[in-house]
Amino acid sequence: MYPSQITHIAHCKMRQSLSVTGGWEFTQIPSKAIPKATEEWHPCSIPTSVHVELIKLNKIPHPFRGLAEWNVQWVGEADWQFRTTFQYALGKHADQVDLVCDGLDTYCDVTLNGKTLGSTENMFLSHRFPCRELLLEGENELVLVFRSAWYEAKKAEAENGGPMALWNGDSSRLYSRKAQYGWGWDWGPILLTAGPWKPIRLEAYSSRIDDVRVDAKLTGNDYQTASLAASVTIARSTKGLVVHAQLETASGDVVKEATLKAEDGEWKWDFEAGEVDAWWPIGYGKQPLYSLKVDLVDANGTMIDRSTHRVAFRNAKVIQEPLEGQPGTSFLFEVNGVRVFCGGSNWIPADSFLTEIEPDRYRKWVDLMIRGNQNMLRVWGGGVYEADELYDICDEKGILVWQDFMFGCGLYPSYDHLNASVKLEAEQAVKRLRDHPSVVIFAGNNEDYQVAESLGVMDYSDNSGHYMKTKFPARQIYEVILPEVVERLSGIFYHRSSPYGGESSSDRTVGDIHQWNVWHGTQEPWSNWDILAGRFVSEFGMQGYPNKRTVQAWQDDGDDSQYFPQSRVSANHNKADGFERRLELYLMENFRHAFDMDNYIFYTQIMQAETLAAAYRLWRRNWKGRGKEYTSGALVWQINDCWPCVSWAIADYYTRPKPAFFSIARELRPYTVGMARKEVKKPRDNVTSAFFEITHEIELWACNSTLQSKSATIELVSWELHKGEVDRRTFDVNMAPNASTEVWKGTVPGQPVRTSQADVPRPIVVQARLLDDQGEVLARYSNWPEPWKYLIFPKYDLKITEGSDSVTLSTNEPIKGIVLDVEGDDCDWDDQAIDLFPGDDQVIGVRGLGGRKVVAKYLGDGSA
């Protein structure tokens, strides 16, 4: 055994919380899969997982590199034991002592001094084991035995109905309350972790605050006044105890305070206008956060316990009401009376090994979202209820959070034992997350209704409330258990699933949709995003390679033989079914491209950037003002990765943004300008096939996400490649607040009417610049004739002028898709995937340039 820790409960009444952190060690033990395993003890620290410790000890290769993922599969089928000893001295006032395990992954037997405290089977639960009677004066031994999640899930599956249908991973995962992505997903590896993944501590107390519910909201039609209602639940006796509550500002100023008997436990405060400030999403106001300190005090004034809770005053609603001129209803978020277009991202766990995510990594991801002008994050249902740090940062920065419950892509079973665990899981999750002003919706699952519909087992006419014996038994969870918990424990809106609404989960007129008919499904061209729109698009995406440095990082050390797109290692780092066919479908339809790795990286990145920017551009156009919120949100799949890979992420595992991150950021600025080009063929009459006219029509609009109207000028320039400028015109526009504004429609300036398919359209690029009254560029967008593979690009003279913290770009002809880079370590760029126009030089900020020469790749640069 290794050096032990000293745990001493002092002679005082106040609850004490003492971490059990030191002296831990672990070993593999004999199991069903590996019956002859030999115990070999190694020191470790907790929280941790077995894979992480084995990597540190060089017992296994790092599964993120090469093909090593497949060499570590045995780890998930083995059993593991962790243990520690500690010295303990019992204080005379410690009426109750609990061992609190915040998270055990997943199937764990807990023993103290050889006596069983309990067994766990839900990774998402925290556990409180009373242990005072088992503690010894002096040395105590705590042992955790983790049984293989693979075999335990297989056992539960066999005993409770057998395999159920699913997308991604092994069917047994549906029977396990463990992070589902660990079974493997179409963007992540198969890594079944085990271990104490959250802290462990001893708590000693006579009485303690078990729960505090706080409901803070703005009141009145003008949202100028406010109220706070709170209730306190005390564990163990409340006799003779009082509760003192105090609301403080961030600077410590007391706003309100009250004292009441502990057995009463409830109070309400009302606030006049100006007493407290409203919390707003980013871009709409500030994010003032208050602290509610609740003290449990005995008759002598001695503090027994303290609980501190974050409080913010805001009203958040999901509005579903009829729309002008279109069927169905809206699905939009309204905060403090203001309707918000939600442009953001989906979130998966930021690592395959959750214990490796330092709190600062959460801040980096949220800061990246803010830099990308995003205002909503959806925590996806196949991962975990995330660390407090993520929600705290979203509170502080004004990022709205869409929170799924942890079910994803499957027909989950529903039986009494499982349902009881799910109910407790939901109660703990809601209690932990409800105080966060950022959390504005709970959704029951990810895509489970889609799975049911695809199998023909979803019966929308059955509203009995009794679903456990149906072919879609998990409706009992999503329509009975979860909504009851959310309604009882919070005031947050509950949505049965994502997606959900209307006559099916793909109904584009009601609720939210996942629009995967680009990439998956019918594999539509990205120019069709406008006709693929829904009321709220909570998933859509396009794959793109990460930064070449990330690709190099997943190669085996010193081996560059696999550095090409079709290599075995490259294929292993893209988990999507049919990814090569799908990537090539979109690449070949739009580009002339090469297959060496550096060029392939570039072309997939530009394809992703163009695809996703087009979606945001066209869907934001549908936000047309009150009663016309035809599309009210777009959340890209996804912002992050759990390992270095090729995926739909717009920033890779190392938080390196892909070009798509920047193209989306441009479409989510407060002011934007957009265009759409269509080819229209009109026959001479109803009979002929040979005689017709083809015109090229263009539509121009502008978007304003601020709450004030904005007067601006749009400068529209048409340029024919190889020949020069053919048209220049301006439009004065008064941009409506919090809406899009249609500006103009007509034929592409300089493009003649065609009367034969043999008449090749002129290669005319149209640039729109949105200018304020001082001539400052608020936004720009250039519309190019598609597909780009037909274009004969001119000979470019791209000039790059390097400064200390910026580069200036200028050109003699319009250039499409400029991506900047340097040799060596990457720089931190302010923009990428840049379209450049003659006479419109662009200055791009950059950090880390260090005097190095900047190189550029773009369409038609000759490298491919």
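None of these values were measured; they are calculated from a predicted model.
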Notebook entry, point to check: Would Arg83 count as a cation-pi partner of Trp41, with NZ or CZ less than 6.0 Å from the six-membered ring centre and within 45° of the ring normal?
Noted result: yes

Please name all residues satisfying side chain to side chain contact (heavy atoms under 4.5 Å, CB included) with [X], sequence neighbours left out, ordered by chain then number.
{"X": "Ala156", "answer": "Asn160, Tyr175, Tyr415"}
{"X": "Arg361", "answer": "Ala350, Asp351, Ile357, Tyr653"}
{"X": "Gln523", "answer": "Arg582, Leu585, Tyr586"}
{"X": "Pro130", "answer": "Gln96, Asp98"}

Return the set of residues passing ring pair (Phe, Tyr, Trp, His ring centres under 6.0 Å) with [X] (not counting sequence neighbours), or none when no residue passes.
{"X": "Tyr654", "value": "none"}
{"X": "Trp197", "value": "none"}
{"X": "Phe353", "value": "His51, Phe64"}
{"X": "Tyr467", "value": "none"}

Donor-acceptor under 3.5 Å ([X] side chain, [Y] main chain):
{"X": "Asp211", "Y": "Lys431", "answer": "no"}
{"X": "Glu453", "Y": "Ser505", "answer": "yes"}
{"X": "Gln562", "Y": "Arg568", "answer": "yes"}
{"X": "Asn445", "Y": "Arg496", "answer": "yes"}
{"X": "Ser490", "Y": "Val486", "answer": "yes"}

Notebook entry, point to check: Do Trp185 and Trp167 have ring centres separated by under 6.0 Å?
Noted result: no

Checklist line | Name of the residue among Phe405, Trp187, Trp347 meeting ring-ring contact (aromatic ring centres under 6.0 Å, His included) with Trp380 | finding: Trp187

Next item on the list: Looking only at non-hydrogen atoms, find the nearest pair between Glu40 and Thr27 and report the distance.
Entry: N-OG1, 2.7 Å

Tell me every residue that passes side chain to side chain donor-acceptor pair (under 3.5 Å) with [X], counting only those two or more places apart in sequence or in another chain.
{"X": "Asn140", "answer": "Asn113"}
{"X": "Ser45", "answer": "none"}
{"X": "Arg173", "answer": "Gln180, Tyr412"}
{"X": "Glu121", "answer": "His417"}

Note to self: To the nearest 0.5 Å, what is the distance between OG on Ser31 and CH2 on Trp80?
What the structure shows: 9.0 Å

